[in-house]
Each structure stands twice: as structure tokens, then as C-alpha cells.
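Residue numbers begin at 1 in each chain, while the letters A, B, ... track the order of the sequences.
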There are 2 protein chains.
Amino acid sequence: MATYRTDGLGALGDPTRRAIFELVATGPKAVGELARELPISRPAVSQHLKVLKDAGLVVDEAVGTRRLYRVDPNGVAALRAYLDLVWDRALAAFAAAVENTPEEPS
Amino acid sequence: MATYRTDGLGALGDPTRRAIFELVATGPKAVGELARELPISRPAVSQHLKVLKDAGLVVDEAVGTRRLYRVDPNGVAALRAYLDLVWDRALAAFAAAVENTPEEPS
DNA sequence: ACGAACCGTAAGCTACGACTTACCAAGCCG
DNA sequence: CGGCTTGGTAAGTCGTAGCTTACGGTTCGT
């Protein structure tokens with residue numbers, strides 16, 4: 001379940017979420033700290049963080065009353081793997097097209 | 001030229017668009033051909049292709065009355081570069097956190 | 001040259017997602 | 001122990017992205 005919402009690309013599709021993700025990537029950040037650097041309210045940041053966490057892109061850690069978020073290397077690795085796959089298929093298709101230049105296989 | 005952002009991620013955020021992108025990645029495809037393999041109409045595919053093309057992820061080539069689309073390696077490379085940057089920053093932040101054990105940045 | 005096939009664009013409707021305010025739970029500090 | 005701070009959740013509003021049908025332009029085939 002939550003299968004559709006668990007994809008990193010879908011999560012990073014939103015520019016605000018991407019901004020949050022980039023801020024978190026620079027180091028562990030608390031929710032209020034993020035909200036202070038963004039033009040949106042704290043609950044909005046919380047919701048975005050929930051989506052990012054659900055997508056496996058960030059992890060959270062409770063420290064006192066604050067909650068520190070940091071990027072999850074596994075999530076980023078998954079995205080890289082996906083792009084590598086597409087990249088590979090595109091290159092293979094291109095190579096095949098170069099070989100079969102003369103005519104079209106019908 | 002620098003006008004279009006790296007919203008390649010934004011473009012791939014939509015699952016339908018991602019499906020189109022993956023189909024195109026397997027080789028040059030025409031619009032009607034894509035529409036035939038998808039549960040949406042041909043105009044919808046056209047609109048998605050426009051977004052992908054605007055994001056620099058695909059390129060189009062007019063062949064007779066058909067229009068072949070294929071992936072743009074530069075677009076994929078840009079996405080990979082972005083992820084690499086985030087990855088690098090995350091690793092640097094983690095290394096810094098390990099070295100500077102008990103402090104936290106403002 | 002006429003018809004058919006392919007594609008892009010316009011206009012419009014619907015649905016989802018992003019944001020806000022309000023409220024409540026949990027942990028620190030006086 | 002009481003107040004203050006921090007965060008997550010609920011309910012509601014509003015914008016916009018995505019899809020459809022309808023139309024016009026362009027090219028190939030006969």
C-alpha cells in the first residue's frame with residue numbers, strides 16, 4: 001500500500017518539497033528551522049516532510065522536543081539507479097538505431 | 001538557454017509522464033504509437049510530450065506525417081548531476097557531523 | 001487533386017494537492 | 001508544577017495540473 005506515493009520522483013516533483021529536501025541535504029534540520037527559511041507555515045513543512053519520509057528520501061530522529069530530519073542515502077541511491085536504468089536503455093536504443101540505419105524493421 | 005529550470009524532476013513527477021518517458025527511452029516512438037499503449041487519449045500524450053520536451057528530457061523529429069520522440073541524454077545527465085550534488089552534500093554533512101560530535105549548526 | 005492519416009492546439013471540466021488556521025500531544029525549564 | 005516551546009494532525013479553501021472532445025494544419029497515398 002501507499003505504493004504510488006512511495007516513489008521519490010513523485011515526491012521531488014513539487015518545487016517546495018525539493019527546496020526542503022535540498023535544505024535537509026545540507027545537514028540535519030528541525031521542522032521549525034526549515035519553516036523559518038521557507039515562505040510557508042510550519043504545518044506545511046511537516047506535511048512535506050511526511051511525504052518525503054514516506055518516499056524514503058528522509059529519515060527523522062526525535063531529539064528532545066525537536067525532530068531532526070536528514071536525507072536517506074538509500075532513497076537517493078534508488079533515484080540514481082532509476083536514472084541509470086533509463087540512461088542505459090536510451091543508449092542501447094541509440095546504438096541499435098545506429099546499426100540499423102539503412103532500413104526500418106517492420 | 002538557462003531559462004528552463006531543472007524541473008526535469010517536476011516533469012517526471014507525474015506517473016503518466018514517467019510512463020511515456022520510459023516508453024520513449026526504449027526507442028524512438030511516434031505520438032499515436034505511445035497513445036495506443038497508454039490509457040489516455042492522443043492529445044493528452046501530446047501535452048505530456050510537450051512538457052517533457054520543454055524540460056529538455058526528450059527531443060522530437062518530424063518524419064513524414066509522424067513525429068518521432070526520443071530521450072535527450074543531456075536532460076538525463078542534468079538529473080544525474082543534480083542527484084550527485086545532493087548526494088555529495090549529504091555525505092559531506094554526515095562527515096562533518098561525525099567529526100563535530102556535539103554541536104549543531106545554528 | 002481529393003481523401004485519409006497523423007499531430008498539435010483551444011476550450012472546458014473535474015479532481016487532486018498544496019497551503020492555511022485551529023487544536024492537541026509531548027518534552028524542557030523556570 | 002505551570003508555562004513555554006516544538007511538532008504532528010484535522011478540517012477547509014483555492015489554485016492548478018491532467019484529461020477529454022472538437023477543430024485546424026500538414027503530409028502521404030492513390
Side-chain angles (χ1 to χ4, degrees), chain A residues 1-24 27-70 103-104 106, chain B residues 4-24 27-55 57-70 102-106:
Chain A
M1 40 202 321
T3 3
Y4 293 111
R5 240 23 216 162
T6 0
D7 73 312
L9 284 174
L12 290 182
D14 184 66
T16 302
R17 214 171 296 146
R18 209 156 51 220
I20 294 177
F21 180 66
E22 292 173 8
L23 282 175
V24 171
K29 302 266 186 186
V31 179
E33 192 175 355
L34 291 169
R36 244 173 271 127
E37 303 192 32
L38 290 168
I40 58 176
S41 65
R42 215 170 3 220
V45 175
S46 258
Q47 293 164 6
H48 282 305
L49 284 171
K50 184 189 180 89
V51 175
L52 288 172
K53 177 183 169 188
D54 204 48
L57 288 172
V58 300
V59 290
D60 60 337
E61 174 193 2
V63 174
T65 118
R66 295 183 306 182
R67 204 165 193 100
L68 297 183
Y69 284 82
R70 65 185 66 192
E103 295 243 351
E104 244 180 81
S106 108
Chain B
Y4 27 64
R5 275 283 175 203
T6 312
D7 47 352
L9 283 172
L12 290 183
D14 183 66
T16 301
R17 209 145 37 205
R18 205 157 50 223
I20 294 177
F21 181 65
E22 292 173 8
L23 281 175
V24 172
K29 302 267 185 183
V31 180
E33 191 175 355
L34 291 169
R36 245 173 269 127
E37 303 192 31
L38 290 168
I40 59 176
S41 66
R42 219 168 4 230
V45 175
S46 260
Q47 293 163 7
H48 281 305
L49 284 171
K50 184 189 180 89
V51 175
L52 289 172
K53 177 183 169 188
D54 205 48
L57 287 173
V58 300
V59 290
D60 59 338
E61 174 193 2
V63 175
T65 150
R66 272 173 270 170
R67 202 162 194 101
L68 297 183
Y69 284 82
R70 51 199 178 87
E103 281 258 355
E104 80 183 72
S106 135

Starting at atom [atom1] of [X], determine the distance to atom [atom2] of [N], rounded to an integer number of angstrom.
X	N	atom1	atom2	value
R36(B)	dC7(C)	CZ	P	8 Å
H48(B)	dT9(C)	NE2	P	15 Å
D7(A)	dG17(C)	CG	P	12 Å
E61(A)	dG7(D)	CD	P	13 Å
L52(B)	dA17(D)	CG	P	15 Å
R42(A)	dT20(C)	CZ	P	12 Å
D60(B)	dC6(C)	CG	P	18 Å
K29(B)	dC7(C)	NZ	P	13 Å

Which nucleotide, [options], lies nearest any side-chain atom of [X]?
X	options	value
Q47(B)	dA10(C), dA5(C), dG7(D)	dA10(C)
R17(B)	dG18(D), dG27(C), dT20(C)	dG18(D)
P43(B)	dA11(D), dT9(C), dG8(D)	dT9(C)

Side chain to side chain, [X] and [Y], heavy atoms closer than 4.5 Å:
X	Y	answer
R66(A)	E33(A)	no
D7(A)	R18(B)	yes
I40(B)	H48(B)	yes

Considering just the side-chain nitrogens and oxygens of [X], establish if one lies under 4.0 Å of OP1 or OP2 belonging to [N].
X	N	result
R66(A)	dG27(C)	no
Y69(B)	dG8(C)	yes
S41(B)	dT20(D)	yes
S46(B)	dG8(C)	yes

Check your understanding: Does E33(A) get its side chain close enough to the base of dT6(D), under 3.5 Å, for a donor-acceptor pair?
Key ->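 Per atom types, no contact qualifies.
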
Exercise for review: Check whether more than 12 heavy atoms from other residues, nucleotides or ligands sit under 6.0 Å from atom CZ of R70(B), and answer yes or no.
Suggested key: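 Counting neighbours around CZ of R70(B), 12 or fewer heavy atoms of other residues, nucleotides or ligands fall under 6.0 Å, so no.
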
Practice item. For D14(A) and for K50(B), find the nucleotide of DNA chain C with the closest heavy atom, then tell me which residue's nucleotide is more 5'. Key: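 This one resolves to K50(B).
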
Practice item. Indicate, with a heavy-atom threshold strictly under 4.0 Å, whether A30(B) touches base, sugar-phosphate, or nothing. Key: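 Answer is sugar-phosphate: A30(B) comes under 4.0 Å of backbone atoms only.
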
Point to revise | Passing option when Y69(A) is tested against I20(A), L23(A), L49(A) for side chain to side chain contact (heavy atoms under 4.5 Å, CB included) | key: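 When I20(A), L23(A), L49(A) are each tested with Y69(A), the side chain to side chain contact (heavy atoms under 4.5 Å, CB included) holds only for L49(A).
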
